[in-house]
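Model, not experiment: these values are computed from the prediction.
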Amino acid sequence: GTIDWYVTDNNILSLMAFSDKNENIGSVYGYDLATGEVGDKQNEIYTDTGGDNWALTWTSNVTSDFSMKLMYGENNRESFSRSLLDLECNRVQRAVGVPAPPPGVALGCSTNSTVFNRQDDREQARADFEWSIGDHLLRFGVDHEVNTSVHDQYYAGPGALFFNVYPGGPGTSIPNPPGGVVPPGYSGYVRARRNEVSGTFESTNTAFYLEDNWSVTDTLLLNIGIRNEAFDNKDGDGKTYIKMDDMWAPRVGFAWDVKGDATMKLFGNVGRYFLPVANVISIKQAGGLLDQRTFYAFDGWDIRELNGVQYAVPRLGPQIGGVDVSQGDGTVGDLRSEVDRDLDSVYQDEAILGFQQMLGEKWSWGVSGTYRKMHNAIDDMEVVNSCGDSGFVMANPGKNLTYYTDTDCDGESDGFVTIDTSKTGWELRDGTMIGWENPKRTYRAIELQLDRAWDDKWAFNATYVWSASKG
């Protein structure tokens with residue numbers, strides 16, 4: 001809801017607040033595919049989403065020609081998924097060729113593979129001003145936004161382990177960088193995997209703008225504006241790893257009262273828009289990822305019982321090889337090797353042209369066309385350095401890429417290298433190096449609209465949009 005307090009005739013304090021918290025409980029039952037019968041209840045899954053949101057705004061008419069609006073607000077959103085059996089039950093899967101447990105015995109006792117808890121908080125402050133000077137209405141202001149995501153994700157069960165069972169006779173090599181083979185007397189192996197991502201991730205977006213609404217004539221309004229933006233993304237340790245600033249976005253628009261009686265209007269605008277890097281990218285790339293894989297010989301199934309239901313977990317034989325943490329050891333890595341040092345933001349240009357006309361006193365119709373073109377993109381690209389080592393780097397495809405890598409082939413990153421990704425970076429199987437094209441994406445749309453104004457009885461609005469995206 002909204003509460004407005006008229007402090008004076010020229011000053012208003014407004015509070016807007018709402019909550020979209022939601023809690024869901026899902027029940028999981030056994031099911032017999034052969035008979036179609038529903039079995040006993042096996043688990044409960046809990047999902048919490050949403051949060052509290054509010055904004056406080058101060059509006060002041062300082063003079064008849066000058067006004068200001070100050071706003072501060074917060075948005076809170078939770079996404080929490082877990083189940084009743086998360087503490088007691090690991091998830092288990094078996095590959096084709098692995099003997100199944102006895103009939104009627106399920107693999108593991110959890111239907112929830114991952115415990116997921118994420119809290120997103122957004123704090124925004126804005127200051128907007130309007131100043132009327134003759135035929136000009138100047139608008140200018142600043143906005144500052146801080147997005148914070150607290151993320152915690154791990155597998156269910158004791159030790160937070162996910163068991164995968166694979167077939168393989170004695171001497172079979174396992175996909176483990178530390179090496180190892182299935183020992184004599186065993187016909188398979190088990191991968192016990194921990195995969196955890198946790199951390200607090202923050203991004204800050206700031207901007208200032210200036211806009212002039214110029215009444216060139218009584219029937220022609222011209223809008224000219226400029227906006228400057230800056231984005232700052234921090235990793236799980238609170239250090240900046242992506243920073244893009246001094247991004248200028250010009251915008252021009254017009255509105256023409258064709259007949260001068262407000263019954264027919266032609267309008268249009270052209271502008272550039274920059275897109276920040278969302279926190280979800282930081283969570284995936286700049287967090288303390290732990291991907292720990294330990295391999296064991298498969299020694300058959302261990303049959304256990306919980307709440308009257310039998311289930312199977314793999315019996316672990318001797319450990320095979322060392323523990324593999326090559327994909328993530330729980331610490332934030334050297335992101336200079338994973339992010340282009342001179343990364344540019346994603347941006348697109350947009351053009352809109354429209355027409356509106358009154359049909360009598362109450363009805364009106366309109367048509368508008370929209371065209372958008374993306375000029376730059378960010379992607380996670382696999383790059384091969386001069387030593388033949390490959391790695392994924394977040395960069396602008398088709399543009400120059402500067403990243404920290406191994407330059408003397410001693411296995412350690414020691415210097416920055418710049419490559420032209422339009423010509424090289426990706427190695428084919430025959431050793432040929434090729435590059436990437438600059439990504440292309442366009443959007444075209446035509447919108448038709450029919451409206452009837454409210455007359456204390458009824459109103460009507462109908463819209464049809466035809467659109468096409470290509471890329």
Side-chain angles (χ1 to χ4, degrees), residues 153 164 166 172-181 191 193-197 199 233 235-237 239 241-244 277-278 280-295 320-346 376-440 471:
Q153 176 181 330
N164 293 88
Y166 302 95
T172 300
S173 296
I174 62 173
N176 182 19
V181 297
R191 184 186 71 181
R193 183 183 182 190
R194 289 180 61 192
N195 186 276
E196 303 173 11
V197 180
N233 289 71
D235 61 23
D237 287 340
K239 300 176 182 178
Y241 82 103
I242 295 178
K243 189 170 186 178
M244 298 175 285
V277 177
V280 66
I281 301 298
S282 301
I283 292 172
K284 292 180 177 180
Q285 184 159 22
L289 169 65
L290 174 64
D291 194 348
Q292 177 181 292
R293 309 176 189 202
T294 307
F295 293 81
I320 305 173
V323 178
D324 176 20
V325 290
S326 61
Q327 302 301 310
D329 62 3
T331 63
V332 178
D334 187 349
L335 297 176
R336 296 178 300 173
S337 300
E338 300 180 28
V339 180
D340 183 359
R341 186 183 64 183
D342 303 316
L343 188 69
D344 291 327
S345 175
V346 177
N376 199 40
I378 295 176
D379 204 353
D380 197 16
M381 304 187 298
E382 186 174 9
V383 177
V384 179
N385 66 11
S386 59
C387 302
D389 301 321
S390 65
F392 286 89
V393 183
M394 191 160 63
N396 305 119
K399 305 290 181 63
N400 283 348
L401 158 63
T402 301
Y403 73 116
Y404 199 67
T405 187
D406 185 3
T407 63
D408 56 9
C409 302
D410 65 352
E412 299 291 335
S413 296
D414 50 58
F416 283 96
V417 172
T418 299
I419 63 173
D420 182 353
T421 66
S422 67
K423 300 178 181 178
T424 187
W426 173 259
E427 185 177 19
L428 300 180
R429 291 183 178 180
D430 62 3
T432 304
M433 299 294 289
I434 63 173
W436 288 265
E437 292 187 13
N438 186 27
K440 300 177 178 65

Please round to the nearest 0.5 Å and tell me the distance separating atom [atom1] of [X] and atom [atom2] of [Y].
X: Asp324; Y: Phe295; atom1: CG; atom2: CZ; value: 6.5 Å
X: Gln153; Y: Glu196; atom1: CD; atom2: CD; value: 9.5 Å
X: Gln292; Y: Asp329; atom1: CD; atom2: CG; value: 10.0 Å
X: Thr402; Y: Asp342; atom1: OG1; atom2: CG; value: 5.0 Å
X: Ser422; Y: Asn438; atom1: OG; atom2: CG; value: 9.0 Å
X: Asp235; Y: Ile242; atom1: CG; atom2: CD1; value: 10.0 Å

For [X] and [Y], indicate whether the former's side chain and the latter's backbone hold a donor-acceptor pair under 3.5 Å.
X: Asn233; Y: Val277; value: yes
X: Thr421; Y: Gly398; value: yes
X: Asp340; Y: Met394; value: no

State, yes or no, whether a side-chain contact exists between [X] and [Y] at a heavy-atom distance under 4.5 Å.
X: Asp406; Y: Asp414; result: yes
X: Asp420; Y: Asn400; result: yes
X: Leu289; Y: Asn195; result: yes
X: Asn385; Y: Val417; result: no

Specify the closest pair of heavy atoms between [X] and [Y], including all atoms of both residues, with the distance to one decimal.
X: Gln285; Y: Glu338; value: NE2-O, 3.1 Å
X: Pro397; Y: Ala377; value: CD-O, 3.4 Å
X: Met381; Y: Ala395; value: CE-CB, 3.6 Å
X: Ser390; Y: Glu382; value: OG-OE2, 3.3 Å
X: Tyr241; Y: Ser282; value: OH-OG, 3.0 Å
X: Gln327; Y: Asp291; value: CB-OD2, 3.7 Å

Sequence neighbours excluded - ring pair (Phe, Tyr, Trp, His ring centres under 6.0 Å) pairs with any residue from residues 387-417: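 Every pair satisfying ring pair (Phe, Tyr, Trp, His ring centres under 6.0 Å) with a residue in residues 387-417: Tyr404-Phe416.
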Determine, for Lys239 against Asp237, whether the closest basic-nitrogen to carboxylate-oxygen distance falls under 4.0 angstrom.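 No, Lys239 and Asp237 are not salt-bridged.
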Under the side chain to side chain contact (heavy atoms under 4.5 Å, CB included) criterion, do Leu343 and Asn396 qualify, and how do the steps go? CA-CA 7 Å; Leu343 188 69; Asn396 305 119; 3.9 Å; yes
Step through the shown structure and confirm whether more than 12 heavy atoms of other residues, nucleotides or ligands are within 6.0 Å of NZ on Lys440.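 Yes, because the 6.0 Å sphere around NZ of Lys440 holds more than 12 heavy atoms from other groups.
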